[in-house]
Number of protein chains: 2
Amino acid sequence: MNLQEGKEKFIQTWGTLGSNWGISRTMAQIHALLLISPKSLSTEEIMEELQISRGNTNMNVRALMDWGLVFKEFKTGERREFFSAEKDMWKVAMQIVKERRKRELEPLVGTIADLQQVKDSSEAGKQFETTVADLNKVIGKADKTIDLLIRADENWFMNNFLKLLTK
Amino acid sequence: MNLQEGKEKFIQTWGTLGSNWGISRTMAQIHALLLISPKSLSTEEIMEELQISRGNTNMNVRALMDWGLVFKEFKTGERREFFSAEKDMWKVAMQIVKERRKRELEPLVGTIADLQQVKDSSEAGKQFETTVADLNKVIGKADKTIDLLIRADENWFMNNFLKLLTK
DNA sequence: TTAAACTTTCAATAGTTTTTGAAAGATATT
DNA sequence: AATATCTTTCAAAAACTATTGAAAGTTTAA
């Protein structure tokens, strides 16, 4: 497999993976393209490389910036914007975990609190209460685990950063 | 909020959540319905409760069985099949993790091995190799973590099971 | 063996999501 | 101030995914 074939396969794979995870295929493909590109790319270059329209490119690049996975870069003497992705895959994974927690877990916690207000002594009511309480426990556990993971990671990063500064 | 409203909210919430995770909305709704139902339900009852067609019900119930989240039950003197969901939410979460690992992580490992065959000394080639190698490390880490999680869980279960047997 | 009860399949349809591309909106340059 | 370059928006179209419901298939009972 040569580089060109490898790039295509990587972009396709990342795209498919993304669509299994509620991320649009194109968004994941742009991300993949930027991940393997040594330099930042303009809208034009992304359009060209992935054969997609300007609007589509713009929308998805902005979504990637919302996710904190892609950043704008300005080049001196250039009016256009250039985009580049965070390359450290561990940071990428952490960022995705963080964002999903914010977008999904947090609203869920609120909903469950509401559902726990339901009181009903029928058999169906009992099962409902048990399931909701049990779900609440699992969500709580997941939330704590993710929190721990993020904290550990941030400390690790902070530690390295400090080491670098004081070296 | 009364039980009926609570049930509807639960089913809707689970459905939305599912669709963020690449699971079809209806599949997640059937799952939710079975989770809060104290008794197993027939196709007919699921159709009625969620206002969906027979074909749709059948397809999605089978998909849930594929995921190992729902089981057939036979009642004596009944020809129809009844369905019930695993109620222990921790087991549910574990089962989802296991299945996703099998369906996504495992194929990915193969693809990455292929991508690591690419050799190219250009700058673009270098970045490609670095990204793929880095991704490989993160995937490996994730895989090991999940493996540990599953093993720990299975041991825990096995331990409890043994305790129960020898009590 | 036939009929009844139930499950599965699948082509057509409905619904949802993504993409396009042209127009409008910015911002910089002359 | 007019023009050029680049970015953003959004309605319409295309692509994709889910759902229906009737027909075919299967199993059980008489």
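Just so we're on the same page: letters track the sequence lines, and every chain starts at 1.
Taking atom CD on A:Glu45 and atom P on D:dT7, their separation rounds to 11 Å, with Å as the unit. A:Gln51 places its CD atom 11 Å from the P atom of C:dG21, with the value rounded to the nearest Å. What separates CZ of A:Arg80 from C1' of D:dT8 is a distance of 17 Å, to the nearest Å. Counting to the nearest Å, the P atom of D:dA22 and the CE atom of B:Met47 are 11 Å from each other. Between the CD atom of A:Glu78 and the P atom of D:dT7 there is a distance of 10 Å, rounded to whole Å.
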Verdict with supporting geometry, A:Glu8 and A:Gln4, side-chain hydrogen bond (donor to acceptor under 3.5 Å, both in side chains): CA-CA 6 Å; A:Glu8 274 160 30; A:Gln4 191 52 38; 3.1 Å; yes
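A salt bridge between A:Lys39 and A:Glu45 is present, with a side-chain N of the basic residue lying under 4.0 Å from a carboxylate O of the acidic one.
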In residues 128-136 of chain B, what donor-acceptor pairs under 3.5 Å come from side-chain atoms, sequence neighbours left out?
{"unit_1": "B:Glu129", "atom_1": "OE2", "unit_2": "B:Asp120", "atom_2": "N", "d": "3.1"}
{"unit_1": "B:Thr130", "atom_1": "OG1", "unit_2": "B:Lys126", "atom_2": "O", "d": "2.8"}
{"unit_1": "B:Thr131", "atom_1": "OG1", "unit_2": "A:Leu35", "atom_2": "O", "d": "3.0"}
{"unit_1": "B:Thr131", "atom_1": "OG1", "unit_2": "B:Gln127", "atom_2": "O", "d": "3.0"}
{"unit_1": "B:Thr131", "atom_1": "OG1", "unit_2": "B:Gln127", "atom_2": "NE2", "d": "2.9"}
{"unit_1": "B:Asp134", "atom_1": "OD2", "unit_2": "A:Met89", "atom_2": "N", "d": "2.9"}

What donor-acceptor contacts under 3.5 angstrom involve side-chain atoms of residues 66-74 of chain A, with partners at least two apart or in another chain?
{"unit_1": "A:Lys72", "atom_1": "NZ", "unit_2": "A:Glu81", "atom_2": "OE2", "d": "3.0"}
{"unit_1": "A:Glu73", "atom_1": "OE1", "unit_2": "A:Ser40", "atom_2": "OG", "d": "3.0"}
{"unit_1": "A:Glu73", "atom_1": "OE2", "unit_2": "A:Ser84", "atom_2": "OG", "d": "3.1"}

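Distance CZ/B:Arg62 to CE/B:Met27: 11.5 Å, rounded to 0.5 Å.
Closest to the side chain of A:Thr26, from the set C:dT19, C:dT7, D:dT7, is C:dT19. If you check C:dT8, D:dT8, D:dT19 against the side chain of B:Ser24, the one that comes closest is D:dT19. For A:Glu81, taking side-chain heavy atoms from C-beta onward, the closest of the listed nucleotides C:dC6, D:dT8, D:dA18 is D:dT8.
Around atom CD of B:Glu123, no more than 12 heavy atoms belonging to other residues, nucleotides or ligands sit under 6.0 Å away.
Side-chain contact between B:Ile150 and B:Lys98: present, with at least one pair of heavy atoms (C-beta onward) separated by less than 4.5 Å. Proximity of A:Asn60 to A:Gln29: side-chain heavy atoms (C-beta onward) are nowhere separated by under 4.5 Å.
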Show the distances under 3.5 angstrom between N or O atoms of the protein and N or O atoms of nucleotides 25-30 of chain D.
{"unit_1": "D:dT27", "atom_1": "O2", "unit_2": "B:Arg79", "atom_2": "NH2", "d": "2.9"}

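Contact check of residues 31-43 of chain A against DNA chain D (heavy atom, cut-off under 4.0 Å) returns A:Thr43. Within residues 52-68 of chain A, the residues approaching DNA chain D are A:Arg54, A:Gly55, A:Asn58, A:Met59, A:Arg62, by heavy-atom distance under 4.0 Å.
Residue pairs that meet the salt bridge (Lys or Arg N to Asp or Glu O under 4.0 Å) test with at least one member in residues 11-31 of chain A, sequence neighbours left out, do not exist here.
Formation of a donor-acceptor pair under 3.5 Å by the B:Lys87 side chain with backbone atoms of B:Val92 is not found in this model.
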